[in-house]
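Scroll down for the structure; my scribbles are underneath it.
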Amino acid sequence: SENLASIFAYGGKRVCVLGADMRRPQLFKDLQIKTKFGLSNYLSGEAGLEDILVDTAFKNLSVIVSGVIPPNPTELLEGPKMNILIEDLKQKFDFIIIDTTPMDIVADANILMDCADLILVVLRQNVTSKEAIKSLSQKIKLGQLPKYTSVILNDYDSKKDHGYGYGYGYGYGYGYGYGYGYSVKK
């Protein structure tokens, strides 16, 4: 999320990264953001937008950290304040990147899908479990993900791929865009 946001900001776009993983916030360690309030504080009514929106050292890049870990993150995300926040951020930014929990662990990411114009599911080589990949594949086959969902394989290292094979492919599918890719060992 940080890298994607930085690229857009470097290109002159106004970007906000919203830390919506309120269960295990990790996102802003690299940016060394120190703030008293975050998303959980806003959604629970303890803070306003001006209290949670933090400018970074990067031009055009702002962040909203996750905030204090609440006892009820799913309920907070389902509440009306989340939609209000997104609408307010749309007025200020060209891009809003929402960093969420993994899709299959809790419902939080699924709740936020309705707020998104595009969903990027990031898989990481040797980190994402095979079960998570199978679940994602099943959801795609059953049409359970929005049409505007893309999947990214991140941190791919061919030296760690001990399988035999090579290939190049091109394809497209209903609602899932089209693109080029290299074959990956199953």
With sequence neighbours excluded, what pairs up with [X] under the side chain to side chain donor-acceptor pair (under 3.5 Å) test?
X: T74; answer: R23, D108
X: S62; answer: D55
X: T35; answer: none

Applying a strict under-4.5 Å side-chain criterion to I, L, V, M, F, W and Y, I'd like to know whether I52 and V68 cluster together. no
Determine whether I69 and L18 fall in the same hydrophobic cluster, where Ile, Leu, Val, Met, Phe, Trp and Tyr are linked whenever their side-chain heavy atoms lie under 4.5 Å apart. no
Provide the full list of ring pair (Phe, Tyr, Trp, His ring centres under 6.0 Å) pairs with a residue in [range], sequence neighbours left out, each pair given once.
range: residues 68-91; value: none
range: residues 101-144; value: none
range: residues 59-100; value: F8-F95
range: residues 108-128; value: none

Minimum heavy-atom separation for [X] and [Y], please, with both atom names.
X: M22; Y: P70; value: O-CD, 3.7 Å
X: R14; Y: Q91; value: NH1-O, 4.3 Å
X: V15; Y: A9; value: CG2-N, 3.7 Å
X: A47; Y: F37; value: CB-CG, 3.8 Å
X: G67; Y: N41; value: CA-OD1, 3.8 Å

Drop me the distance from [X]'s [atom1] to [Y]'s [atom2], to the nearest 0.5 angstrom.
X: L4; Y: I152; atom1: CG; atom2: CD1; value: 7.5 Å
X: S6; Y: N60; atom1: OG; atom2: CG; value: 11.0 Å
X: N72; Y: S44; atom1: CG; atom2: OG; value: 8.5 Å
X: I133; Y: L153; atom1: CD1; atom2: CG; value: 8.0 Å
X: I119; Y: L112; atom1: CD1; atom2: CG; value: 9.5 Å
X: D51; Y: I64; atom1: CG; atom2: CD1; value: 11.0 Å

Listed by chain and number, what are the side-chain contact (heavy atoms from CB on, under 4.5 Å) partners of V151, not counting sequence neighbours? V121, L123, L136, I140
Sequence-distant partners of D21, salt bridge (Lys or Arg N to Asp or Glu O under 4.0 Å), two or more places apart: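 Applying salt bridge (Lys or Arg N to Asp or Glu O under 4.0 Å) to D21 gives none.
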Hey, could you give me each pair passing side chain to side chain donor-acceptor pair (under 3.5 Å) that has a residue in residues 110-123? Not counting sequence neighbours.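 Listed by first then second residue: nothing to list.
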Flag the pair [X] / [Y] as yes when at least one side-chain heavy-atom distance between them is below 4.5 Å, and no otherwise.
X: L53; Y: K92; value: yes
X: P146; Y: M113; value: yes
X: I96; Y: I98; value: yes

Counting only N and O atoms by type, is there a donor-acceptor contact under 3.5 Å from the side chain of T100 to the main-chain atoms of A20?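 A pair under 3.5 Å: no.
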Considering only residues two or more places apart or on different chains, which pairs with a residue in residues 118-128 satisfy salt bridge (charged side-chain N to carboxylate O under 4.0 Å, His left out)?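 Matches after skipping sequence neighbours: R124-D155.
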Sequence neighbours left out, cut at 3.5 Å: what donor-acceptor pairs do the side chains of residues 76-90 make with other protein atoms?
residue : atom : partner : partner atom : Å
K81     : NZ   : Y42     : O            : 3.4
E87     : OE2  : K90     : NZ           : 3.4

